2 protein chains.
Amino acid sequence: MLHDPAQLDLMFQALADPARRSMVERLSRGPASVSQLAEPLAMSLSAVVQHLNVLEASGLVRTEKLGRVRTCRIEPQALRAAEHWINERRLAWERRLDRLGDFLDETKDET
Amino acid sequence: MLHDPAQLDLMFQALADPARRSMVERLSRGPASVSQLAEPLAMSLSAVVQHLNVLEASGLVRTEKLGRVRTCRIEPQALRAAEHWINERRLAWERRLDRLGDFLDETKDET
DNA sequence: ACAATACTGAAGTAACTACTTCACTATTGG
DNA sequence: CCAATAGTGAAGTAGTTACTTCAGTATTGT
């Protein structure tokens with residue numbers, strides 16, 4: 001269920017923005033609050049919350065509110081899904097090149 | 001030089017569209033012309049060319065024109081760069097979880 | 001030579017994105 | 001209790017994206 005096209009759209013779209021990637025990068029080093037995520041970014045807190053909503057909708061980040069603090073953390077399964085899609089296509093291409101190489105080697109032997 | 005933020009923006013943005021992903025998927029099975037890429041897609045040839053330009057600008061696809069036919073193929077290094085970015089963040093997170101697990105195990109022993 | 005093929009490019013448009021500001025609501029520390 | 005903190009939500013706006021159509025240019029098969 002993580003492989004449907006719409007979910008991949010959301011995940012790659014989420015990763016396409018440098019502010020959101022920097023948030024993911026920060027979260028890869030451990031959970032953080034919204035303010036902590038916002039701190040290094042040159043934009044309003046509101047903008048950060050909007051980016052966070054995009055990340056959450058994509059499934060890449062999960063958040064949990066305790067008191068007045070929203071704690072954000074990475075969802076590694078979603079990262080894995082995006083990684084997997086790319087990996088499959090790259091491997092398909094590279095296997096193809098290998099077979100082509102084998103074929104060329106064989107036909108060379110036949111001369 | 002494949003790791004600069006702007007290039008990652010372009011690559012993830014390129015992968016965020018289902019039509020473009022279907023083009024990449026087709027190309028992962030071997031090179032194709034613009035018309036061949038367009039064939040399964042419910043949109044004008046012009047639209048396909050525009051998607052193709054996005055893919056080419058991202059570095060994910062390389063094209064070469066011979067006569068009136070533009071042949072498109074995948075650039076696996078670019079796919080690898082996108083894959084690598086995701087992988088690094090996921091691993092950072094998972095290593096963190098492992099260390100946390102070790103720490104919890106150790107402190108449990110100390111009771 | 002001429003028709004068909006394979007794109008290419010420009011202009012238009014509707015929807016979406018990445019912000020902004022401002023006003024607001026909880027929660028918490030003193 | 002009340003001021004500071006942490007975040008939420010709505011509205012507005014400039015810029016971008018994903019198409020469309022239509023008109024044009026090479027290239028190639030007959």
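All of these numbers come straight from a predicted model, not from anything done at the bench. Letters go in sequence order (proteins before strands), and every chain restarts at 1.
- Residues L52(A) and V24(A) share a single hydrophobic cluster, defined by chaining ILVMFWY side chains whose heavy atoms lie under 4.5 Å apart.
- Residue contacts shown for S44(A) include a base, since a base heavy atom lies under 4.0 Å away.
- For the pair L45(A) and L45(B), both in contact range of DNA chain D, the more 5′-proximal nearest nucleotide belongs to L45(A).
- One finds the CD atom of E25(A) at 12.0 Å from the CG atom of L37(A) (value rounded to the nearest 0.5 Å).
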What verdict does the side chain to side chain contact (heavy atoms under 4.5 Å, CB included) test give for T71(A) and L66(A), after you've listed the backbone C-alpha separation in whole Å, the side-chain angles of each residue and the deciding distance to 0.1 Å? CA-CA 8 Å; T71(A) 301; L66(A) 272 171; 5.8 Å; no

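- A donor-acceptor contact under 3.5 angstrom links the side-chain atoms of Q50(B) to the base of dT20(D).
- Atom-to-atom, CG of L41(B) to C1' of dT20(D) comes out at 16 Å; the value is rounded to the nearest Å.
- In the set dT8(C), dG9(D), dT20(D), dG9(D) carries the atom at the smallest distance from any side-chain atom of S46(A).
- Rounded to whole Å, the distance from CE on M43(A) to P on dT17(C) is 16 Å.
- Put simply, CG on L52(B) is 16 Å from P on dT17(D), counting in whole angstrom units.
- Applying the 4.0 Å criterion to OP1 and OP2 of dT17(C), one finds that H51(A) has every side-chain N and O outside that range.
- Among the nucleotides dT20(C), dA6(D), dT8(D), the one closest to the side chain of V69(A) is dA6(D).
- With rounding to whole Å, M23(B) atom CE is found 14 Å from dC19(D) atom C1'.
- Here the CG atom belonging to L15(B) is positioned 10.0 Å from the CG atom belonging to L15(A), to the nearest 0.5 angstrom.
- Follow the hydrophobic side-chain contacts under 4.5 Å out from M11(B) and you never reach V54(A); the two are in separate clusters.
- Side-chain proximity of R20(A) to dC19(C), dA18(C), dT8(D): nearest is dA18(C).
- For Q13(B) against dT16(D), a side-chain-to-base donor-acceptor contact under 3.5 Å is absent.
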N/O donor-acceptor pairs under 3.5 Å from side chains in residues 78-86 of chain A, not counting sequence neighbours:
from	atom 1	to	atom 2	distance (Å)
R80(A)	NH2	E94(B)	OE2	2.5
E83(A)	OE1	R90(B)	NE	2.7
E83(A)	OE1	R90(B)	NH2	3.4
E83(A)	OE2	N87(B)	ND2	2.5
E83(A)	OE2	R90(B)	NH2	3.2

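- Set against dC19(D), dT8(D), dC19(C), the side chain of A47(B) has dC19(D) as its closest nucleotide.
- When rounded to the nearest whole Å, the span between CZ of R70(B) and P of dA26(D) equals 15 Å.
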With 3.5 Å as the limit, what N/O pairs link the protein to nucleotides 25-30 of chain C?
from	atom 1	to	atom 2	distance (Å)
dT27(C)	O2	R68(A)	NH1	2.8
dT28(C)	O4'	R68(A)	NH2	3.4

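- Distance SG/C72(A) to CD/E56(A): 7.5 Å, rounded to 0.5 Å.
- What separates NZ of K65(A) from P of dT5(D) is a distance of 17 Å, to the nearest Å.
- As a whole-Å value, the separation of D17(B) CG from dT17(C) C1' is 15 Å.
- With rounding to whole Å, E39(B) atom CD is found 16 Å from dT5(C) atom C1'.
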